[in-house]
Amino acid sequence: MSWTILILIATVFVSYLAFDRPALKEMLVFYPYQIKVKNEWHRILTHAFIHADYTHLVLNAFVLWQFGTRLEGLMEQISGPSSFALLYFGGAVFAAIPGMLRHHDHPHYKSLGASGAVSAVLIAYILYFPTSKLLLFLLVPLPAFVIGILFFVYEHQMDKRSQGNIAHDAHLWGGLFGLIFTILINPKVIPMFLQSISEFLSF
């Protein structure tokens, strides 16, 4: 069974259990203050297995399923069978860094969800398949590399505003991890990416 399917099953199962079990959600949620005070470092990873509600869960699960299967197969051929797992879980951990730095002294700050890890998968997919068609807001078809640019611009701007309940810093840092990790394990992806875009724009 692929890592993508295993992660999906585990995330859906744990999220479902946590919806009706506040104590379980509290034990797994990303809580920088508790990490600092009680050294509960498991939270920088376990937060990716729980979600705020079904909409949050379905959105992350759909994006992971849509891009993960094709990406995992390619990464396995190029970088080995564990590369996708390192991408996903590394994205989850890396996405927690800004929250840890900003909120380790804030007892009321908590965060949850797989959005940072999923952002890493999305950006890695765009690096490998830059000219594939993606739907912006599920409506407007655009080349993947354009979606990637819009992703970083949007998340950066929303993070600067620091409004609402969405951790845009986690999305941004998860995406950055996906970018850096993919290039490190396969530097050839850069010329391949640029060549694909060049050929696409030449038509």
Side-chain angles (χ1 to χ4, degrees), residues 1-19 25 28-30 45-96 111-152 154-155 166-168 170-182 185-186 189 193 196:
M1 188 178 295
S2 72
W3 276 106
T4 301
I5 300 303
L6 285 172
I7 292 168
L8 277 171
I9 292 172
T11 302
V12 170
F13 179 69
V14 176
S15 292
Y16 176 77
L17 290 179
F19 285 145
K25 180 179 286 189
L28 301 178
V29 72
F30 178 58
L45 183 59
T46 58
H47 73 275
F49 289 97
I50 56 174
H51 290 79
D53 51 41
Y54 283 104
T55 301
H56 190 202
L57 172 61
V58 169
L59 181 60
N60 278 333
F62 174 74
V63 175
L64 175 59
W65 172 79
Q66 182 180 21
F67 302 115
T69 303
R70 185 181 181 189
L71 175 64
E72 181 181 355
L74 180 60
M75 290 183 68
E76 183 174 341
Q77 295 176 18
I78 296 173
S79 309
S82 299
S83 55
F84 183 82
L86 291 172
L87 169 70
Y88 186 86
F89 293 118
V93 172
F94 200 76
S111 180
L112 74 174
S115 299
V118 169
S119 295
V121 171
L122 172 63
I123 297 304
Y125 179 92
I126 291 172
L127 282 174
Y128 279 112
F129 308 103
T131 60
S132 62
K133 287 290 190 297
L134 302 184
L135 295 178
L136 181 65
F137 304 125
L138 301 178
L139 293 172
V140 183
L142 291 172
F145 72 90
V146 175
I147 297 291
I149 294 170
L150 293 176
F151 169 88
F152 282 113
Y154 174 78
E155 296 297 346
I166 300 175
H168 291 283
H171 298 179
L172 183 61
W173 281 56
L176 286 172
F177 180 84
L179 179 71
I180 296 168
F181 179 80
T182 304
I185 65 171
N186 182 24
V189 73
F193 175 84
S196 294

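Each residue takes its place number in the sequence, starting with 1. Because the structure is predicted, anything quoted here is derived from the model rather than measured.
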| Hey, does V93 have a side-chain heavy atom less than 4.5 Å from the side chain of F177? | no
| task | Assess whether ring pair (Phe, Tyr, Trp, His ring centres under 6.0 Å) is satisfied between F145 and F193, documenting all intermediate values. | result | CA-CA 9 Å; F145 72 90; F193 175 84; 7.1 Å; no
| Contact summary for E76 and P81, nearest pair of heavy atoms | CG-CA, 3.8 Å
| field | From CG (L6) to CZ (F84), nearest 0.5 Å | value | 10.5 Å
| request: Keeping the roles fixed (side chain from E72, backbone from W3), state whether a donor-acceptor pair exists under 3.5 Å. | output: yes
| side chain to side chain donor-acceptor pair (under 3.5 Å) with Y125: which residues, sequence neighbours excluded? | R70
| request: List the atom of T11, the atom of L57, and the distance in Å for their closest heavy-atom pair. | output: CG2-CD1, 4.1 Å
| field | Test item: L142 and L150 side chains (from C-beta on) under 4.5 Å apart, heavy atoms | value | yes
| query | If we only count heavy atoms from C-beta on, is the H51 to L59 side-chain gap below 4.5 Å? | reply | no
| Heavy-atom distance under 4.5 Å between the side chains of L87 and L71, does that happen here? | yes
| field | pair F152-L176: side-chain heavy atoms closer than 4.5 Å | value | yes
| request: Examine distances only and state if a side-chain atom of S15 and a backbone atom of F49 form a donor-acceptor pair shorter than 3.5 Å. | output: yes
| message | Does any part of the side chain of Y88, heavy atoms only, come nearer than 4.5 Å to the side chain of T4, both counted from C-beta? | response | no
| task | Drop me the distance from M75's CE to I185's CD1, to the nearest 0.5 angstrom. | result | 4.0 Å
| said: Once rounded to the nearest 0.5 Å, what's the spacing between atom CG of L134 and atom CZ of F129? | reply: 11.0 Å
| said: Below 30° counts as parallel, above 60° as perpendicular, anything between as tilted: where do the rings of W65 and F62 land? | reply: tilted
| field | Side-chain heavy-atom pair L8, L64 within 4.5 angstrom cut-off | value | yes
| field | Shortest non-hydrogen contact from A120 toward G91 | value | CB-CA, 4.0 Å
| message | We want to know whether S119 and H171 form a side-chain donor-acceptor pair, criterion being a heavy-atom distance below 3.5 angstrom. | response | no
| query | What's the shortest heavy-atom distance between S196 and T131, and which atoms? | reply | O-CG2, 3.5 Å
| Closest heavy-atom contact between S111 and V29? | O-CG2, 3.1 Å
| task | Look at atom OH of Y16 and say whether more than 12 heavy atoms of other residues, nucleotides or ligands are closer to it than 6.0 Å. | result | no
| query | Looking at A114 and A48, what are the two nearest heavy atoms and their distance? | reply | CB-O, 3.3 Å
| note | Separation between CD1 (I126) and CG (L179), nearest 0.5 Å, reads 10.0 Å
| Strictly under 6.0 Å, is that where the ring centroids of Y54 and F19 end up? | yes
| Can you tell me how far OH of Y154 sits from CG of L172, rounded to the nearest 0.5 angstrom? | 12.5 Å
| query | Going from CG on N186 to CD1 on I78, what distance comes out if it is rounded to the nearest 0.5 angstrom? | reply | 5.0 Å
